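Only one structure is covered here, and it is reproduced in the block below.
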Amino acid sequence: MSEYQKPLPIIEFQAQKEFWDGCKKHQLLIQKCRDCGEINRRSVRMLCPNCLSGNLEFIQASGKGKIYSFSTIMAYPPQGFQDDVPYVVAIIDLEEGTRFRSNIVDCDIDALKCDMDVEVVWEDITDEYALPKFRPLKQGS
Amino acid sequence: MEGIKDKVAIVGMGCTKFGENWNMSAGDMIIDAVSEAYEDAGISSKDVQAAWIGSFWTNLPAPSMPLATILKMKYKPITRIENMCATASDAFRNAAYAVASGVIDVALVLGVEKLKDSGNSGLPTDDLAMGNVGTAPGTFRARNFTAPGHFAMLATSYFNKYGLSAEEGRTMLAKIMVKNHHNGTMSPKAHFRKEITVEQVLKAPVIAWPLGLLDCCGVSDGCAAAVLVRKDMAKNFRPDPVYIKAMQIAVGPCEGYMNPKHDWTSVKETYRAGQAAYEEAGIKNPRKEISMAEVHDCFSITEAAIYEDLQFSARGGCKEDVDAGTFELTGELPVNMDGGLKCFGHPIGATGLRMVYEVYKQIQGKAGPRQVKNAELGLTHNLGGTPGGCTVSVIIVGP
């Protein structure tokens, strides 16, 4: 998998490494503050954005949520993504009360709708990294 | 808080032709726009006490220094401003505050951008663009999202919330683009000056569903400039100065990408900046009191959301107002009289001042075939970023 040509995550501090290590194990992790109890809705942080405590823990998200909004990119993708066109970008509202930006894959693009139930699916891109993407939840699952 | 109302006057403005200005450097465009502004104000560089230059991507090494040479402003204070796509509006704001403080009597402000030299058909590369926002340290990276993709999600949400089919929604948006192109035919300085039809918009290649090619603004080079002075000096320069009534910027915390309560049919920063500007200018009923507006139609859906966030239309009322022709040149509240970003393109650092240039000319009755009736209070709305988190400037000027 060494020929992966698209951008890779940038890791600048320990908590970010923990997040991506979780992805590698196919676990979608979100941060929660042990002091004030808030879910961190922002990207991975060293301090709680609500109370500035450094006492954060990762909890595992269910990986289930709903499509809040989406668009199908049909032209002019950023460098490295030319062969993916058309592909779907979306904002997903996770069950835990936070949002996530990702792609909707394994889907009938024309059948996508807002509020559609989706679940996380993992794309193993290198020996170290897996990307969380989402696909429509199959009926009855 | 006293606010800026009636403390600062615009006494001269200039604007280059926007377009593929291959034969002009950023410096050439600066000279053209500033020369027009100087002539309009009856001054030269020796009268200017301080200058502000707005530029985002233009490859000007130490961008304030060229002004000292190009404009012969040796050893004068020159400041470069960057605030994403609202860069020129923020340069204007900083210059106006300096004049309002009483420290500077005569200030020059300009915005310039040369996008066509970037080597790309769209905006400069994602690495450069997103290095500033989406991939900055501590943010989730969203590397295959594009600018049209971000704004397209505003349209998807809008259609979903108000129960519009894709065809109904896309037709509503197409009518806004047809209006702006019609206005652009009367703008000698616009990049695109052709009429388009609703059918052409709907059948154009899709860029980011539900937005097609003709829902997107162009990519252009351009420069615009203004000369600002204290109110009590303004009539020494010209009989018809235009006064700043309000000048507000709202910068969002990117909640749209994080908080499920954030509604993507609206851009909160537009609403907040608008509210603050109305308060500063003493405006109670924007739809009735504002004569005209130049707004940030980077994409068709952006203009639709702006109507509602600036309270020109009720929530969900865009379609009804568009169908009634409310925002056409002859309508109740003309919007994008010069054709907007749609026809001028969007040279990032110049756009905000191009907008002010149009309302300034309209208020002076010098807009030619685009002239609106009873042009009094003019509003400009300039947005930098994406609907999930952005910088919005709202400026209101009047006689």
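We name chains A, B, ... by the order of the sequence lines, and we start the count at 1 in each one. As the structure is a prediction and not an experimental result, all values here were calculated from the model.
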Aromatic ring proximity B:Phe312/B:His381, centre distance under 6.0 Å |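 Not under 6.0 Å, so no.
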Per-residue contact mode, A:Ala90 against chain B (heavy atom under 4.5 angstrom) |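 Only the backbone of A:Ala90 comes within 4.5 Å of chain B.
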Against chain B, label A:Asn103 side chain, backbone, both or neither, depending on which of its atoms sit under 4.5 Å from a heavy atom there.
->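 The side chain, not the backbone.
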Against chain A, label B:Asn259 side chain, backbone, both or neither, depending on which of its atoms sit under 4.5 Å from a heavy atom there.
->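 Answer is both: backbone and side chain atoms of B:Asn259 are under 4.5 Å from chain A.
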Side chain, backbone, both or neither: which part of B:Pro253 has a heavy atom under 4.5 Å from chain A?
->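 Contact with chain A: backbone and side chain both.
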Closest non-hydrogen atom pair, B:Tyr158 against B:Gly316 =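 Scanning both residues, the minimum pair turns out to be OH-CA, 3.5 Å.
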Over 60° means perpendicular and under 30° means parallel, so classify the ring planes of B:Phe344 and B:Phe18, tilted if in between.
->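 Taking B:Phe344 first and then B:Phe18, their aromatic rings stand perpendicular (interplane angle over 60°).
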What class does the angle between the rings of B:His296 and B:His346 fall in, given that below 30° is parallel, 30 to 60° is tilted and above 60° is perpendicular?
->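 Aromatic pair B:His296/B:His346 classed perpendicular.
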Can any side-chain N or O of A:Gln31 pair as donor or acceptor with the backbone N or O of A:Arg45 at less than 3.5 Å?
->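 Between the backbone of A:Arg45 and the side chain of A:Gln31 there is a qualifying donor-acceptor contact (under 3.5 Å).
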Residue, of A:Leu94, A:Ile73, A:Val85, that accumulates the most heavy atom pairs under 4.5 Å with chain B |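 Heavy-atom pairs under 4.5 Å are most numerous for A:Ile73.
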